[in-house]
Amino acid sequence: MTEDPFVAHRSLLFTVAYEMLGSAADAEDVVQESWLRWAGADRSRVGDPRAYLVRVVTRQALNRLRTLSRRREDYVGEWLPEPLLTSPDVAEDVELAESVSIAMLTVLETLGPAERAVFVLREVFDLPYGEIAEATGKSAASVRQIARRAREHVAARRPRVPVSGPEQQAVVERFLGALRTGRLQELLDVLAPDVVLIADGGGHAAAAQAPVHGAEAVARMLARPGRVVSAVWLNGAPAGRIEGDGRLATVSLVVENGRVTRIYAMANPRKLTRLDEPAELSL
């Protein structure tokens with residue numbers, strides 16, 4: 001029996017929606033809505049099921065993204081993407097790992113809905129301009145212009161220094177070790193002088209409501225012994241899980257030149273519900 005194309009491509013469709021929305025819960029809703037449309041489609045008129053399904057998911061995600069953009073204007077404090085537990089295997093696919101990294105998803109938040117959709121479909125999934133035009137309801141010429149603008153926008157904001165996997169993991173392990181001891185100097189030794197910490201509590205957990213700049217300020221905020229700190233893989237990269245005082249948080253890091261330059265700390269409990277089973281992601 002031939003596998004239903006929707007089932008065969010489900011992890012791809014979820015990945016497309018997640019990269020467009022930065023929220024696994026919203027991505028799941030979009031995938032479910034897309035399934036309902038697929039179930040009612042005239043299959044005899046679908047020549048390329050994968051392309052058709054990507055178009056459907058893109059349209060649904062764009063609709064939701066416009067709604068979310070308005071909702072996020074009222075969000076309490078900084079908004080960060082929802083972290084996903086992933087298997088170490090995801091890190092082996094460098095392109096996939098980079099595209100779903102918290103750092104990249106945070107940069108994508110600075111794009112408008114159409115720009116984000118075009119960037120994701122073109123730069124991540126390498127769809128032809130014609131297919132992207134169909135998915136977004138724009139002309140191919142317009143899509144090319146949007147893609148160029150989005151590329152330039154992302155290139156100006158993404159981390160510029162490539163880091164090898166072993167180096168990233170070594171620095172993350174040093175950082176997590178410093179968190180376990182809670183010693184100020186150990187944290188200062190692993191933080192870049194101009195490190196930035198961005199925390200997301202969403203009004204549901206204590207968190208800095210604006211970015212914290214500088215190693216001294218960040219280290220003093222993090223130097224609290226007595227918490228349980230464990231290493232996990234989040235969004236295709238080594239990261240940390242922190243438990244203490246009945247609360248849970250995660251930290252995802254950007255590493256440059258052997259030190260931590262950016263920390264994304266997620267404390268909003270509503271965004272920490274998917275840390276028990278690895279997400280299935282694919283390009």
Side-chain angles (χ1 to χ4, degrees), residues 5-28 30-31 34 49-51 53-58 61 65 80-111 115-128 131-132 135 147 150-151 153-155 157-169 171-172 231-241 250-256 262 264 266 271 274-283:
F6 189 94
V7 176
H9 297 302
R10 195 184 192 288
S11 63
L12 165 70
L13 302 177
F14 174 81
T15 308
V16 170
Y18 175 67
E19 292 199 20
M20 284 185 60
L21 299 168
S23 162
D26 287 304
E28 287 285 8
V30 162
V31 170
S34 300
R50 181 182 183 275
L53 289 167
V54 169
R55 284 199 301 273
V56 172
V57 164
T58 298
L65 190 56
L80 288 175
E82 180 181 351
L84 290 181
L85 186 70
T86 52
S87 69
D89 295 346
V90 172
E92 294 176 9
D93 186 333
V94 176
E95 190 175 353
L96 174 60
E98 182 180 6
S99 72
V100 298
S101 70
I102 295 295
M104 175 59 83
L105 293 173
T106 303
V107 171
L108 294 183
E109 276 297 309
T110 63
L111 293 170
E115 288 179 316
R116 184 166 185 168
V118 170
F119 181 88
V120 167
L121 295 178
R122 181 62 185 173
E123 299 302 313
V124 179
F125 295 95
D126 199 28
L127 262 62
E131 283 190 29
I132 299 173
R151 268 196 306 272
H153 181 98
V154 171
R157 290 162 176 78
R158 73 200 306 178
R160 294 179 176 82
V161 182
V163 179
S164 69
E167 180 188 354
Q168 170 96 3
Q169 192 155 4
V171 174
V172 171
V232 292
W233 287 83
L234 298 177
N235 294 68
R241 174 181 174 131
T250 62
V251 284
S252 298
L253 311 174
V254 174
V255 172
E256 297 178 34
R262 192 163 287 254
Y264 300 103
M266 177 56 69
K271 296 185 182 182
R274 294 171 181 267
L275 300 179
D276 295 322
E277 187 171 340
E280 292 187 17
L281 303 171
S282 69
L283 293 181

Would Val54 and Leu121 count as a side chain to side chain contact (heavy atoms under 4.5 Å, CB included) if you check the C-alpha gap in whole Å, the side-chain angles of each, and the deciding distance to 0.1 Å?
CA-CA 9 Å; Val54 169; Leu121 295 178; 3.9 Å; yes

Criterion side chain to side chain contact (heavy atoms under 4.5 Å, CB included) on Val100 and Leu84, from CA distance to verdict:
CA-CA 9 Å; Val100 298; Leu84 290 181; over 6 Å; no

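In this structure, Arg157 CZ and Leu108 CG are separated by 11.5 Å, a value rounded to the nearest 0.5 Å. Note that CE of Met266 is 6.0 Å distant from OG1 of Thr250, once rounded to the nearest 0.5 Å. Note that the CZ atom of Arg151 and the CD atom of Glu123 stand 5.0 Å from one another [nearest 0.5 Å]. Between the CE atom in Met104 and the CZ atom in Arg158 there is a gap of 3.5 Å [rounded to 0.5 Å]. Expressed to the nearest 0.5 Å, how far NE2 of His153 lies from CZ of Phe119 amounts to 10.0 Å. Note that CG of Asp26 is 11.5 Å distant from OH of Tyr18, once rounded to the nearest 0.5 Å.
Among all heavy-atom pairs drawn from Ala24 and Glu82, the shortest one is N-OE1, 2.8 Å. Listed here is the closest heavy atom pair of Ala91 and Ala97: CA-CB, 4.0 Å. Of all heavy-atom pairs between Ala61 and Met20, the closest is CB-CE, 3.7 Å. The shortest non-hydrogen separation linking Ser34 to Val57 is OG-CG2, 3.4 Å. Nearest heavy atoms, Gln168 versus Pro238: CG-CG, 3.8 Å. When every heavy atom of Phe6 is checked against every heavy atom of Val31, the shortest pair comes out as CZ-O, 3.4 Å.
Looking at Val30 and Leu21, their side chains come closer than 4.5 Å, going by heavy atoms from C-beta outward. Residues Arg262 and Leu253 fail the side-chain proximity criterion, which asks for heavy atoms closer than 4.5 Å.
If you run side chain to side chain contact (heavy atoms under 4.5 Å, CB included) between Asp93 and each of Asp89, Leu96, Val90, only Leu96 comes through.
At least one donor-acceptor pair under 3.5 Å links the side chain of Lys271 to the backbone N or O of Leu80. No donor-acceptor pair closer than 3.5 Å links the side chain of Tyr264 to the backbone N or O of Thr106. Of the possible polar contacts, one joining the Thr86 side chain to the Gly236 backbone as a donor-acceptor pair under 3.5 Å is found. Arg122 places a side-chain N or O within 3.5 Å of a backbone atom of Leu127 that can act as its donor or acceptor partner. Remark: the backbone N or O of Leu111 is not paired with any side-chain donor or acceptor of Arg116 at under 3.5 angstrom. Side chain of Asn235 to backbone of Pro83: no donor-acceptor contact under 3.5 angstrom is found. Looking only at distances, no side-chain donor or acceptor of Thr15 sits under 3.5 Å from a matching main-chain atom of Leu281.
Counting only residues at least two apart or in different chains, salt bridge (charged side-chain N to carboxylate O under 4.0 Å, His left out) contacts with residues 12-22 are absent.
Ion pairing between a basic and an acidic side chain is recognised when a charged N comes within 4.0 Å of a carboxylate O; Arg10 and Glu280 show no such pairing. Ion pairing between a basic and an acidic side chain is recognised when a charged N comes within 4.0 Å of a carboxylate O; Glu131 and Arg50 show no such pairing.
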